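Computed from a prediction, not measured in an experiment: that's the story for all the values here. Per chain, numbering begins at 1; letters A, B, ... match sequence-line order.
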Protein chains: 2
Amino acid sequence: MSRATNTQFSVACHALSLLSSLPGEPASSELVAGSAAASPVYVRRVLGLLRRAGLVASRPGAHGGWHLTRPACEVSLGDVWRAVQGDEPVLGLHAPVAACPVGSEVGRLMAEVERRTARAIEHELDSMTVADLTPACAPFTAAMLSPAA
Amino acid sequence: MSRATNTQFSVACHALSLLSSLPGEPASSELVAGSAAASPVYVRRVLGLLRRAGLVASRPGAHGGWHLTRPACEVSLGDVWRAVQGDEPVLGLHAPVAACPVGSEVGRLMAEVERRTARAIEHELDSMTVADLTPACAPFTAAMLSPAA
DNA sequence: TTGATTCGTAGTCGTGTTGGATACGAATTC
DNA sequence: GAATTCGTATCCAACACGACTACGAATCAA
């Protein structure tokens, strides 16, 4: 990785936190976008990944939107990570020269480093849940955002 | 993050592994570049980061180049990671809407997630050293690359 | 001293990624 | 039937990455 220029995980966590703050009716992508400072289309794309992982569900049409499929305390950040990260590498691997003995061998060993690091990230994120991200002000938020939408 | 498009860590590990395989005289950036499939200028930039961290030293001029400042088994991959990563975030944080209570609070909590994840990565990488990346074929490599250079 | 080598770094450029904007069909509710 | 919202495609600007060239400074060999 090095510089992380992709906000999908961050936006996904933000969206889930917001959804858990609004347990009543589903939240529209526009509402989420307004809170996360992202575009509604982007929010729908990211939440689409979470839906494929079974973390959220959506319903089109009037009064449609997005909602959690299970309690926030049962959704680990590792689940979110895997949903948006898929099999993408976390360390920026390069393709060394295959003909060079150092190149080919180090390439193989670095792949192992990549796997171990990915596991460490998932393990750490699995120790936290969306509920940990939901601020104490959630009830106020619900009252605040509902009429504004 | 998601897709990791930065190869600095990978190239740095490759370079250090190569340096540990050539304990005799210093290796030029051109030699490293040839093995890592990168440009000499890029190699110098990356190794420059490692030098700032005290992991390697360089000498300009004829028969100049790069060499390790301590045994490969005493250089952890965490050292390499910190040298190239610096304080760059590992998760792609976005800037939520500060005026929104969910936005501001989740932003603060996500920063904590970022810190914990960064620590987990460092901890995992600290459990491995450059020596673990140096293939068994190192002696052959030395004999192979020296005349070619 | 002269020439060759190598680092150090600045600048430019092509390529790929990211995410916003628009558009439009499908689904759903009133 | 009208309004809303998802789902998705497409286009575009901004940015990150790394190759490449260039050139001065440092070092060593002859």
Side-chain angles (χ1 to χ4, degrees), chain A residues 1-12 14-15 19 22 25-34 36-52 56-67 84-86 88-97 146 149, chain B residues 1-12 14-15 19 22 25-34 36-52 56-67 84-86 88-97 146 149:
Chain A
M1 68 189 92
S2 220
R3 170 157 288 158
T5 56
N6 186 319
T7 62
Q8 289 185 54
F9 176 69
S10 183
V11 168
H14 192 115
L19 294 188
L22 304 168
E25 47 185 301
S28 71
S29 60
E30 191 131 9
L31 176 66
V32 175
S39 74
V41 173
Y42 185 49
V43 168
R44 287 200 288 270
R45 263 208 294 267
V46 173
L47 286 180
L49 296 174
L50 303 186
R51 182 184 45 213
R52 262 203 287 176
V56 300
S58 66
R59 198 183 55 195
H63 294 96
W66 304 80
H67 62 91
V84 301
Q85 184 71 7
E88 295 296 334
V90 292
L91 303 175
L93 297 182
H94 75 296
V97 174
S146 293
Chain B
M1 72 185 94
S2 219
R3 172 156 285 157
T5 56
N6 187 317
T7 62
Q8 289 184 54
F9 176 70
S10 184
V11 168
H14 192 117
L19 293 188
L22 304 168
E25 48 184 303
S28 71
S29 60
E30 191 130 12
L31 177 66
V32 176
S39 75
V41 174
Y42 185 49
V43 168
R44 287 200 288 271
R45 260 207 295 268
V46 173
L47 286 179
L49 296 174
L50 303 185
R51 181 185 45 214
R52 260 202 287 175
V56 300
S58 66
R59 198 183 54 196
H63 295 95
W66 303 80
H67 62 92
V84 303
Q85 185 70 7
E88 294 296 333
V90 293
L91 303 177
L93 297 183
H94 76 296
V97 174
S146 294

Could you tell me the separation between the OG1 atom of A/Thr5 and the CD atom of B/Glu88, rounded to the nearest 0.5 Å?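 A/Thr5 OG1 to B/Glu88 CD: 10.5 Å, rounded to 0.5 Å.
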OP1 or OP2 of [N] less than 4.0 angstrom from a side-chain nitrogen or oxygen of [X], does that happen here?
| X | N | result |
| --- | --- | --- |
| B/Ser58 | C/dG8 | yes |
| B/Tyr42 | D/dG18 | yes |
| B/Asn6 | D/dA16 | no |
| B/Thr7 | D/dG18 | yes |

For residues 41-48 of chain B, which side-chain N or O atoms pair as donor and acceptor with protein atoms under 3.5 Å away, sequence neighbours left out?
from: B/Tyr42; atom 1: OH; to: B/Thr7; atom 2: OG1; distance (Å): 3.0
from: B/Tyr42; atom 1: OH; to: B/Gln8; atom 2: N; distance (Å): 3.4
from: B/Arg44; atom 1: NH1; to: B/Ser29; atom 2: OG; distance (Å): 3.0

Round to a whole Å and report the spacing from [atom1] of [X] to [atom2] of [N].
| X | N | atom1 | atom2 | answer |
| --- | --- | --- | --- | --- |
| B/Leu49 | C/dT9 | CG | P | 11 Å |
| B/Glu30 | C/dA4 | CD | C1' | 14 Å |
| A/Trp66 | D/dT5 | CH2 | P | 14 Å |
| B/Glu88 | D/dA16 | CD | C1' | 11 Å |
| B/Leu47 | C/dC7 | CG | P | 9 Å |
| B/His67 | C/dT6 | NE2 | C1' | 14 Å |

Looking at side-chain heavy atoms only, is the closest gap between A/Asn6 and A/Val84 below 4.5 Å?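 Side chain of A/Asn6 against side chain of A/Val84, heavy atoms only: no contact under 4.5 Å found.
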Please tabulate, one pair per line, each protein N/O and nucleotide N/O from nucleotides 26-30 of chain C that are separated by under 3.5 Å, including the distance.
from: C/dT28; atom 1: O4'; to: A/Pro60; atom 2: O; distance (Å): 3.4
from: C/dT28; atom 1: O2; to: A/Ala62; atom 2: N; distance (Å): 3.2

Please give me the minimum heavy-atom distance between [X] and [Y], naming the atom from each residue.
| X | Y | result |
| --- | --- | --- |
| A/Phe9 | B/Leu91 | CE2-CD1, 3.7 Å |
| A/Val90 | A/Gln85 | CG1-NE2, 3.8 Å |
| A/Ser10 | B/Gly92 | CB-O, 3.0 Å |
| B/Ala33 | B/Ala38 | CB-O, 3.0 Å |

Identify which nucleotide among [options] has an atom closest to any side-chain atom of [X], counting heavy atoms from C-beta outward.
| X | options | answer |
| --- | --- | --- |
| A/Ser39 | C/dA21, C/dT9, D/dA19 | C/dA21 |
| A/Arg44 | C/dA23, C/dG8, D/dT21 | C/dA23 |
| B/Val41 | D/dG18, C/dT6, D/dC20 | D/dC20 |

On DNA chain D, more 5' by nearest nucleotide between A/Ser29 and B/Arg45 is A/Ser29
